[in-house]
Number of protein chains: 2
Amino acid sequence: MTGRPARSTVPAVDVPSGRPAEVPTPAPGDARLTRLSLNQKTTERWSVAEAVAGCVRAGLPAIGLWREPVRQIGVPAAARLVADAGLRVSSLCRGGFLTAADPVLRRRALDDNRRAVDEAAELAAACLVMVVGGLPEGSRDLAGARHRMAEGIAELVPYAAERGVRLALEPMHPIFCADRGVLSTLGQALDLAERFPAERVGVVVDTFHVWWDPDVLGQIDRARGRIAGFQVCDWITPLPPDALLSRGMMGDGHIDFPLLRRAVERAGYTGDVEVEIFNADVWAADPDDVVSTLARRYVTHVLPD
Amino acid sequence: MTGRPARSTVPAVDVPSGRPAEVPTPAPGDARLTRLSLNQKTTERWSVAEAVAGCVRAGLPAIGLWREPVRQIGVPAAARLVADAGLRVSSLCRGGFLTAADPVLRRRALDDNRRAVDEAAELAAACLVMVVGGLPEGSRDLAGARHRMAEGIAELVPYAAERGVRLALEPMHPIFCADRGVLSTLGQALDLAERFPAERVGVVVDTFHVWWDPDVLGQIDRARGRIAGFQVCDWITPLPPDALLSRGMMGDGHIDFPLLRRAVERAGYTGDVEVEIFNADVWAADPDDVVSTLARRYVTHVLPD
């Protein structure tokens, strides 16, 4: 333990906002935590071992892992850590980046995705999150990039199926279309996913990426049986200077989380709710404070009906 | 004239990239300039009189005006300036901001929009561009904001019709959904526009806002008869720290302009092509250099088939 005062002795403060907590932090065992997962990117400075221990301290039953920190200790060690702690792996981030036109780069990307599938299988991850990639350097052929990305997914599906891994296509906010993800809407992700069996290819609904979509509720309904993951974080304004780090703690921005949570539940999703926040201020805060804040904000801003 | 060397004596340099010009600057009278319009926000430090003179010097036949600089000299003076110069007013920017829930703010917004309609009529603008507004302060009710925005448009249509002004709904990139425009896709804009006669309510196709949309070509086709304006500027990466100023000179980014230009032409649009760039580096450059660069880039990056 950290030697900090016990939670009950000082009023809790939310990070990174610095605002007083609105509710007590749910204690381990609290029924409201049953589906809450920490995506380890939210506590970026924590190793896998630290993030696993942090989840256990806070009573979170699941974790979303990233390949890079997993690789630092090796996949078998990471798998053992989460299994010993009794955590579910709600997702492994990430495969994808399948838009290269160059055959060598394309082959390399497919090879790397097969390794990601293997890792997801060994970690017993509920899904492998696919961030499909942006436009290749110097290219303006968006339709071509989208076509190659779809072909790449099709090539990976049999390999993933053999290993029991579900690919989860993640539509990304159009702010990332050029440099990160040419899959821009949930509808577009479903158009692609529906070419394959639902248990093989699903979609990730990430509130940050889809909240603005005029058709989001209709597409979530359409996604019945395809929702492989549900991620939450907020859209904050003004946008921080680094757009990649523009995500906020739930409640600090503009997203109506209960609306989207109810929609994914109506569509039959019963899996974990993963908190994934890329934000320099969140990363600068004490990771235990981040976890307790996100547990409180989950209770106050995501769960209410 | 400015006393700078004549254009032909030194190799031209594009701004803000600093790259050598790929082609000579089209001279006034060049047939390729027949539909090119300068949105005056692109040369932000120029007054209306300076922007009008700049268009004349460069041989541009049209200008997109903004209400704030117009107000500095008064609408009649601005109308006289453009008429005397023989320029078309391809658009007036902007009306909108119709999402307020507070009745006083709502009334104020509608009054201001009626003034904008009057100004557009007096300036003989081809359309009044409508930026509909974001979420009201502290609100997360996106559906409500969209509903009020649509009601506001409906309330303005008869007033604009009496004055012969066409409202042009501008779908905005989802990056601006929270704070600027809850109209996020061309499809959503058309859903609203189609409630009214096409000559009364059209849409603006701005490449920056729509290029990422997987359905953009289908929606442009659907917009036949409704395209009130076509604006061009590029999506550049990395995104500058101020997202509002993240637009680039055509050719400096990722957008396939001929693809979108051909689509709006197939949909019957024969109006002006307005260059509208919000960008700190563009604004820091000599405005005459900005205009000659955009004329060159229009020829090399927008017009080719």
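A note on names: the letters A, B, ... follow the listed sequences, proteins ahead of strands, and every chain is numbered from 1. Predicted model only: the values in this text are computed from it and were never measured.
Distance check, rounded to the nearest 0.5 Å: SG of A/Cys177 to CG of B/Asp213 gives 9.5 Å. With rounding to the nearest 0.5 Å, the separation of CH2 in B/Trp212 from NE2 in A/His173 is 8.5 Å.
If you tally non-hydrogen atom pairs under 4.5 Å between each of B/Pro174, B/Gly134, B/Ala143 and chain A, the highest count goes to B/Pro174.
For a residue to count as touching a neighbouring chain, one of its non-hydrogen atoms must lie under 4.5 Å from one of that chain's; by this rule B/His209 does not touch chain A. Looking at B/Asp141, neither its backbone nor its side chain comes within 4.5 Å of chain A, counting heavy atoms on both sides.
Heavy-atom proximity under 4.5 angstrom to chain A picks out nothing from residues 217-227 of chain B. For residues 234-256 of chain B, the interface with chain A (any heavy-atom pair closer than 4.5 Å) comprises B/Trp235, B/Thr237, B/Leu239, B/Pro240, B/Pro241, B/Ala243, B/Gly251, B/Gly253, B/His254, B/Ile255, B/Asp256, sorted by residue number.
Screening B/Thr185, B/Asp191, B/Leu183 for a side-chain contact (heavy atoms from CB on, under 4.5 Å) with A/Pro214, the sole residue that qualifies is B/Thr185.
For A/Leu135 against B/Trp211, the heavy-atom pair with the smallest separation is CD1-CZ3, 4.2 Å.
In the displayed structure, A/Arg19 atom CZ is contacted under 6.0 Å by more than 12 heavy atoms of other residues, nucleotides or ligands.
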